[in-house]
Engineer: 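I'd like to ask some things about the structure below.
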Amino acid sequence: MDLTRRVFLAQAALAQAAPRNILLIAVDDLNTDLGCYGHPLVQTPNIDRLARRGVRFTRAYCNYPVCNPSRTSLLSGRYPEQAGVLDNRTAPHEKLAGVQFLPEYLRSRGYFTASVGKIYHDGMDSPADWDVQLNPRGSADVGKGEGRNLTGGKFPYFHWTASEAPDDEHPDGQIAAEAVKLLEQKRAKPFFLAVGFRKPHDRYIAPKKYFDLYPPDRIPAAVGPADDPNDIPAMAYPQRDLKLGVAEAKEFRRAYWSCISFMDAQVGKVLDALDRSGQGGSTLVLFFSDHGLHLGEHDWWNKVALWERTTRVPFIAAGPMVRDPGRACANLVELLDIYPTFTSYAGLPAAPGQMGRSVLPALSDPRAVWERAAYTMVLRGGGKKGRALRTSRFRYVEWDGGQGGVELYDHDSDPNEFRNLADDAAYGAHREGLQKMLRSRP
Ligand SMILES: [Ca+2]
Ligand SMILES: [Ca+2]
């Protein structure tokens with residue numbers, strides 16, 4: 001059967017069956033500091049509620065630890081080097097002319113598609129992607145309130161504000177409100193609604209009531225042994241002039257977590273609207289972040305790194321096929337698995353060139369176990385690359401093909417990646433196997 005005929009039959013099936021709606025909730029710069037991922041302080045009752053009715057993936061990884069390359073990779077279903085987008089300036093389609101990204105693919109096959117907030121890196125959507133695209137930016141007053149820059153102004157983005165403005169004047173409050181309106185509309189087509197929240201991305205601005213959830217005296221100061229950086233290659237750090245004192249470190253964590261709780265409250269508004277709409281039973285909901293963030297681990301305070309803290313992301317799926325809800329699943333997942341997951345749920349043919357695989361089997365069958373490796377890369381100065389593999393047990397990283405250093409961490413004994421075992425002879429066979437696996441990657 002030729003492709004045109006297959007697409008026609010798939011569209012006909014789509015029109016007859018119960019609508020297979022998709023709600024994608026993307027969060028910017030969110031690590032796994034969430035209640036449902038076991039964080040002892042961070043309050044996220046709404047994301048936790050989604051996890052209770054879905055499946056929470058505990059080993060999900062981004063393919064690039066920066067906004068635009070990560071989002072381009074997952075929206076195209078290609079690894080970053082294949083997509084050719086390794087920075088925040090290159091347009092997603094620049095090297096992929098003619099390739100249908102996820103929204104366009106669903107739209108051209110019968111879906112109503114809508115983007116609210118940040119899905120693509122800002123301003124980089126293709127006109128063919130969306131029926132509706134909304135990007136509320138908040139009122140001018142959100143920056144008013146107590147706060148300060150934590151680096152004396154050296155890094156402008158290290159700024160927090162306990163805002164006096166209420167939720168609905170902030171960009172994320174307005175993004176939730178627009179998503180709620182779209183969920184309240186009746187339409188004949190199934191929908192793909194992509195809601196992209198902006199917090200906890202810097203600057204760390206949230207209404208003051210969320211800061212009040214985190215009394216300063218409860219915020220931890222230290223996060224690892226002082227000698228941790230000693231066995232880390234220099235190239236692993238994007239820069240070494242970013243330092244925070246103890247007071248600033250605690251304020252940074254408090255502000256980041258406050259932004260998470262604020263974002264969580266907005267997620268709750270969208271989930272409530274989905275329930276009220278009566279469409280929850282036929283909607284696949286996927287919650288994820290484009291990459292994680294360091295809060296001082298390994299003496300680092302940002303993203304653009306290849307450790308667990310930046311590459312690991314929350315990834316929660318809920319929908320009508322879930323058996324045994326509330327379960328955690330340790331199967332390895334990459335963000336580029338999202339595209340084939342959605343086309344599989346929609347009952348559509350897989351899009352050409354997809355490098356990921358659907359995670360749906362893990363939702364419908366708790367016994368569905370797979371062993372894969374997650375691949376993440378990052379670009380350093382002079383076009384030099386860092387490339388990392390995460391298997392269920394190890395993280396293996398090569399900087400500049402090994403010339404800039406190698407890292408090997410054993411998660412069975414060292415979940416915080418404190419001890420680099422790359423030069424440990426006892427791990428020689430593991431290192432060799434991982435190197436071979438990494439070098440076979442695109
Ligand atoms: Ca981001
Ligand atoms: Ca170390």
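Whatever order the structure lists them in is the order used to number ligands and atoms, beginning at 1. Nothing here was measured: the structure is a model prediction, and the numbers come from that model. All residue numbers in this chain count up from 1 along the given sequence.
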Engineer: Output the distance between atom CZ (R53) and atom CG (D48), rounded to the nearest 0.5 Å.
Structural biologist: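 Spacing of CZ (R53) from CG (D48) equals 12.5 Å.
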Engineer: To the nearest 0.5 Å, how far apart are OH in Y339 and CD in Q354?
Structural biologist: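 With rounding to 0.5 Å, OH (Y339) is 5.5 Å from CD (Q354).
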Engineer: Distance to the ring centre below 6.0 angstrom and angle to the axis at most 45 degrees; does that hold for R56 and Y37?
Structural biologist: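 Checked: cation-pi criterion met.
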Engineer: Mind telling me whether F252 and F158 have parallel, tilted or perpendicular rings, with 30° and 60° as the class edges?
Structural biologist: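 Answer is parallel, since the angle falls under 30°.
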Engineer: Taking the inter-plane angle between the rings of F57 and W370 on a 0 to 90° scale, is it parallel (under 30°), tilted (30 to 60°) or perpendicular (over 60°)?
Structural biologist: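 The arrangement is parallel - the two ring planes meet at less than 30°.
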Engineer: Tell me whether the count of non-hydrogen atoms from other residues, nucleotides or ligands lying under 6.0 Å of CG in D423 goes above 12.
Structural biologist: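 It does not: D423 CG has 12 such atoms or fewer within range.
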Engineer: How about the Ca ion (ligand 2), which protein N, O or S atoms come within less than 3.0 Å?
Structural biologist: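 Counting only protein N, O or S atoms under 3.0 Å from the Ca ion (ligand 2), the list reads D228 O, D228 OD1, D231 OD1, F418 O.
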Engineer: Taking 3.0 Å as the upper limit, name the protein N, O or S atoms near the Ca ion (ligand 1).
Structural biologist: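 Listed by chain and number, the nearby protein N, O or S atoms are D28 OD1, D29 OD1, C67 SG, D290 OD1, D290 OD2, H291 NE2.
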Engineer: Is the NZ or CZ atom of R107 both under 6.0 Å from the centre of the six-membered ring of Y105 and within 45° of that ring's axis?
Structural biologist: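 Verdict for Y105: no cation-pi partner in R107.
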Engineer: If you count every heavy atom of other residues, nucleotides or ligands that lies below 6.0 Å from R240 atom CZ, does the total exceed 12?
Structural biologist: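 Enclosed.
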Engineer: Hey, does D29 have a side-chain heavy atom less than 4.5 Å from the side chain of K303?
Structural biologist: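 K303 vs D29: side chains touch.
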